[in-house]
Participant: 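Questions regarding the structure given below will be posed in turn.
Convention: sequence-line order gives letters A, B, ...; per-chain numbering from 1.
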Amino acid sequence: MHKTWLILSHEALTTLRSRSFLLALILVPLVSFIILLIAGALQRRNPSPDPITLLTPEKPPIKGVVDLSGLIREIPPAMEGQVRPYPSPEAGLRALQAGEITMLYVVAPDYLSSGKIELYAQEINPFQDARTAYPVDWLISYNLFKDRPALFDRITVSMNLSVERVASEKPPRATNETVAFFVPYGIAMFFYLFILGTSSLLLSSVNTEKQNRVIEILLSSATPSQMMAGKIIGLGLVGLLQMTVWLAAGLWLLQFSSRTFTALQGIQLPPNLLGWGILYFILGYTIFAALMGGIGALAPNLREASQVTSLVILPLIIPLMFLQLLINRPDSALSLVLSLFPFTSPVAMMTRLAAEPVPTWQLGLGAVLQALTAFLVIRVVAGMFRAQNLLSGQPFNLGLFFRALIGKV
Amino acid sequence: MSTVKVNQITKRFGNQQVVDHVSFEVQRGEIFGLLGPNGAGKTTTIRIILDIFKPDSGEVEVLGGPMNEEKKNRIGYLPEERGLYQDISLEVCLNYLARLKGLKPTEAAHRIEQSLKRFDLYEHRKKKVKALSKGMQQKAQLIATLVHDPELIIVDEPFSALDPVNTQMVKDLLREERERGKTIIMCTHQMHQVEELCDRLVLINHGKVMLYGDLDGIRRRYAARKILVCPLGDLPADLPGVQRIERENSGYLLHLTEHTHPQAILKHLVEQGVALERFEVALPTLDEIFIQIVTARGEPL
């Protein structure tokens with residue numbers, strides 16, 4: 001126990017004293033603070049409730065329209081800066097080629113029966129441009145219903161859906177949809193980066209000792225299991241410290257910035273996120289750190305370890321591929337599976353929790369499944385963390401890793 | 001009482017029998033040579049003694065019984081593949097390794113300070129290890145091996161990559177530790193170093209013990225029937241019992257016939273009135289003995 005403690009404190013203090021760690025610990029919150037300060041100042045000059053507007057051009061690009069249906073008889077003055085009419089498709093295409101407009105909409109003569117509008121552009125974003133004909137569709141509605149403003153508003157303004165949960169513990173979501181997406185997105189990235197970054201420290205630590213050839217001296221003083229335990233706990237504590245500092249700084253920044261930066265007003269983090277977050281970080285870190293330690297024990301260098309490392313971290317990436325689903329449909333079956341499967345659980349569950357309150361039994365079950373997996377992974381990896389592997393220079397590949405996982409090495 | 005008792009240990013890696021029923025004992029206060037060519041199984045044997053590897057069969061007793069955590073703190077080990085943490089300061093690195101050997105923080109700090117001063121490294125204690133010269137790192141490695149004042153010192157190829165000055169320093173250090181009653185196991189393939197330093201030895205080849213005993217006894221056991229003679233004048237033309245005479249430096253190497261005793265030659269020379277500067281039985285070197293044994297057994301070198 002004494003030697004485990006020594007190894008633990010050595011790993012923790014060595015990492016804490018390293019310049020790169022200290023810089024990351026301080027600079028990330030500091031840079032975020034400066035960015036928010038600048039963004040807040042910019043926003044005060046150009047108030048806008050939506051942070052997206054800070055990332056998009058101030059003036060919207062002008063679009064051309066050729067109305068062969070004759071429905072667009074009037075363009076309101078407020079829209080004149082956004083849309084420009086052309087008498088024929090040829091004239092519109094010439095303007096498009098000359099760069100006077102970014103895209104050209106041609107409304108078919110039989111629009112009312114066919115709904116057909118043709119879009120011409122030099123560059124088309126298939127995810128955005130092909131799904132909307134704004135402002136042409138708006139202009140058509142305006143011209144059709146301008147004499148009946150109430151009906152026009154009903155058609156052009158989205159419905160005012162009121163949702164009331166019955167016997168629910170869930171607080172209302174942020175009214176700003178952009179914020180409602182970016183908060184869970186940020187949490188997902190936060191957990192992904194932290195678990196990956198901290199568990200990678202273990203791989204790096206074992207590999208450094210192999211490269212420096214100090215491992216044999218350590219093995220003559222301590223057992224491989226003492227070394228593994230000391231490293232996992234020591235580096236985990238460092239990661240936890242970094243996470244706590246960044247999380248606390250993040251929460252303070254949210255408080256501070258919401259006073260100066262109205263775009264972030266309305267952001268609400270679930271109060272239980274910190275407690276569950278720390279538990280899920282510890283469990284997720286233990287699973288992936290043990291796997292990284294196993295890779296470090298078997299691989300002679302980081303280059304040979306990279307192939308297997310990328311496979312091991314794949315479960316951490318999978319939730320990022322399903323972020324839309326986890327954020328917009330956190331109660332779906334796939335979201336539930338991803339948040340309970342122990343290897344995807346740390347990122348997926350925390351993303352769900354940031355998007356919408358998660359039932360306590362699901363949080364508890366996810367934690368228990370991860371704890372069991374961590375126990376099993378540590379037992380398997382302890383078999384790899386043997387002197388024979390640590391002192392061997394054998395070539396490392398995926399086959400060797402899987403043979404080691406089933407105890408055949 | 002033996003400091004180390006190795007009894008019939010074996011170790012196999014895959015299809016290769018690396019250690020094959022090796023037995024020997026190391027007595028307290030001696031420098032013991034664990035000798036053999038590269039790949040003979042010396043380092044594996046050392047690692048089994050240190051409990052880094054478990055033997056497939058056989059037993060090892062260290063400091064009066066099986067290895068345990070407390071005994072690891074009473075052993076100093078200088079591995080063949082030298083290594084120190086490169087990105088931390090020399091002082092921090094040595095302190096960590098000393099603490100792992102059971103020293104209390106203040107005691108570790110005190111002993112490291114003394115050792116650094118002794119090895120002329122005190123001025124460099126705050127430098128990162130990677131900033132030190134290779135010679136300095138070798139000295140630092142010796143400090144890490146000896147700082148906790150171990151009872152048993154195991155050094156694997158202690159002279160590899162050392163310049164003559166540092167080689168002599170290590171030799172002096174090993175002799176000094178022996179004088180202080182420490183037991184030393186020196187693992188090497190450089191047989192002349194064993195001849196110079198060791199009291200007893202075991203010679204291993206292909207994992208098997210080929211020679212075991214005290215150095216003088218082994219050399220006498222394998223002494224060929226040769227005498228080295230340095231007369232002040234010329235040797236008599238006719239020497240009974242001598243097959244062949246070779247000129248060697250300032251003397252002669254006499255090859256005796258099978259039943260001739262060196263004392264008979266000495267008596268004959270004295271009777272002939274030959275003044276002698278030197279008369280000695282020519283003992284074989286360990287290299288010669290090794291080649292002699294391997295050749296006799298028909299094993300590959």
Side-chain angles (χ1 to χ4, degrees), chain A residues 1-22 201 204-227 229-231 234 297 300-301 383 385-395 400 403 408-409, chain B residues 11-14 18 43-44 46-54 62 67-89 92-105 108 128-130 137 140-141 144-145 147-148 150 152-154 156:
Chain A
M1 189 62 198
H2 172 66
K3 287 188 178 173
T4 304
W5 170 252
L6 274 176
I7 294 165
L8 179 164
S9 51
H10 170 77
E11 292 292 339
L13 289 174
T14 306
T15 311
L16 284 174
R17 284 179 188 144
S18 74
R19 194 174 300 169
S20 56
F21 179 83
L22 287 174
L201 286 175
S204 167
S205 166
V206 176
N207 200 266
T208 302
E209 284 172 352
K210 288 176 91 168
Q211 296 279 304
N212 287 344
R213 296 186 293 191
V214 77
I215 199 109
E216 195 167 357
I217 297 175
L218 299 179
L219 286 169
S220 71
S221 304
T223 62
S225 52
Q226 285 172 330
M227 285 171 61
K231 283 174 185 295
N301 53 54
F385 221 80
R386 289 180 297 145
Q388 206 162 311
N389 290 330
L390 289 165
L391 295 170
S392 160
Q394 62 185 331
L400 180 70
R403 284 202 304 280
K408 296 285 184 190
V409 173
Chain B
K11 185 74 183 176
R12 175 181 283 274
F13 293 132
V18 182
T43 300
T44 304
I46 290 292
R47 287 173 177 171
I48 291 172
I49 292 172
L50 287 165
D51 202 35
I52 293 175
F53 288 167
K54 301 286 180 201
V62 180
M67 178 69 88
N68 57 33
E69 282 300 297
E70 180 269 329
K71 283 180 185 171
K72 283 187 177 179
N73 295 347
R74 293 156 64 192
I75 299 172
Y77 177 43
L78 180 73
E80 180 182 7
E81 292 202 333
R82 313 277 196 270
L84 294 167
Y85 290 98
Q86 297 292 306
D87 285 317
I88 56 178
S89 76
V92 170
C93 176
L94 291 176
N95 192 281
Y96 175 51
L97 296 178
R99 296 285 316 279
L100 277 178
K101 284 295 184 186
L103 291 186
K104 298 263 185 288
K128 282 190 176 176
V129 173
K130 67 182 176 190
Q137 291 195 34
Q141 196 90 49
T145 308
V147 69
H148 55 292
L152 172 62
I153 299 163
I154 300 176
D156 194 354

Participant: Contact part of A/L13 toward chain B, heavy-atom cut-off under 4.5 Å: side chain, backbone, both or neither?
Facilitator: neither
Participant: Do any side-chain atoms of residues 74-81 of chain B form donor-acceptor pairs under 3.5 angstrom with protein atoms, and if so which ones, sequence neighbours left out?
Facilitator:
residue : atom : partner : partner atom : Å
B/R74   : NE   : B/E151  : OE2          : 2.7
B/R74   : NH1  : B/E70   : OE1          : 3.3
B/R74   : NH1  : B/E70   : OE2          : 3.3
B/R74   : NH2  : B/E151  : OE1          : 3.2
B/R74   : NH2  : B/E151  : OE2          : 3.3
B/Y77   : OH   : A/E216  : OE2          : 2.6

Participant: Would you mind checking which part of B/L100 comes under 4.5 Å of any heavy atom in chain A, side chain (CB onward), backbone (N, CA, C, O), both or neither?
Facilitator: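 B/L100 touches chain A through backbone and side-chain heavy atoms alike.
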Participant: Is B/K11 close to chain A through its backbone or its side chain, or both, or neither, when contacts mean heavy atoms under 4.5 Å?
Facilitator: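 B/K11 touches chain A through side-chain heavy atoms alone.
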Participant: What pair of heavy atoms forms the shortest contact from B/K72 to A/L219, and how long is it?
Facilitator: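 Answer, listing the atom of B/K72 first, then A/L219: NZ-O, 4.0 Å.
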Participant: Could you have a look at B/Q86, B/R99, B/R47 and say which one has the most heavy-atom pairs with chain A under 4.5 angstrom?
Facilitator: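 Heavy-atom pair counts peak at B/R47.
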Participant: If I take atom CG from residue A/L6 and atom CG from residue B/N95, how far apart are they, to the nearest 0.5 angstrom?
Facilitator: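 If I round to the nearest 0.5 Å, the distance is 9.5 Å.
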Participant: Is there side-chain contact between B/E69 and A/T223, with at least one heavy-atom pair below 4.5 Å?
Facilitator: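 In short, these two side chains touch, coming nearer than 4.5 Å.
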Participant: Can you name the residues that form a ring-ring contact (aromatic ring centres under 6.0 Å, His included) with B/F13, not counting sequence neighbours?
Facilitator: B/F53
Participant: Under 4.5 Å heavy-atom distance to chain A, tell me which part of B/I52 shows up: side chain, backbone, both or neither.
Facilitator: both
Participant: Under 4.5 Å from any heavy atom of chain A, what part of B/Q141 do you find: side chain, backbone, both or neither?
Facilitator: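 When you check distances to chain A, only side chain atoms of B/Q141 fall under 4.5 Å.
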Participant: Side chain, backbone, both or neither: which part of B/V129 has a heavy atom under 4.5 Å from chain A?
Facilitator: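 Neither part.
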Participant: Side chain, backbone, both or neither: which part of B/R82 has an atom under 4.5 Å from a heavy atom of chain A?
Facilitator: backbone
Participant: Select, from B/L84, B/L50, B/I88, the one with the greatest count of heavy-atom pairs under 4.5 Å involving chain A.
Facilitator: B/L84
Participant: Under a 4.5 Å cutoff for heavy-atom pairs, which residue among B/D51, B/N73, B/L97, B/V92 has the most contacts with chain A?
Facilitator: B/N73
Participant: Hey, mind stepping through B/K130 and A/N212 against side-chain hydrogen bond (donor to acceptor under 3.5 Å, both in side chains) and telling me if it holds?
Facilitator: CA-CA 10 Å; B/K130 67 182 176 190; A/N212 287 344; over 6 Å; no
Participant: Please state whether the side chain, the backbone, both or neither of A/T14 comes within less than 4.5 Å of a heavy atom of chain B.
Facilitator: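 For A/T14, the side chain is the part near chain B, not the backbone.
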Participant: Quick check: do B/K101 and A/S220 have side-chain heavy atoms less than 4.5 Å from each other?
Facilitator: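 Yes; the side chains approach each other to less than 4.5 Å.
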Participant: With only heavy atoms counted, which part of B/Y85 is less than 4.5 Å from chain A, the side chain, the backbone, both or neither?
Facilitator: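 Both backbone and side chain of B/Y85 come within 4.5 Å of chain A.
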Participant: Less than 4.5 Å to any heavy atom of chain B: does that hold for the side chain of A/Q211, its backbone, both, or neither?
Facilitator: neither
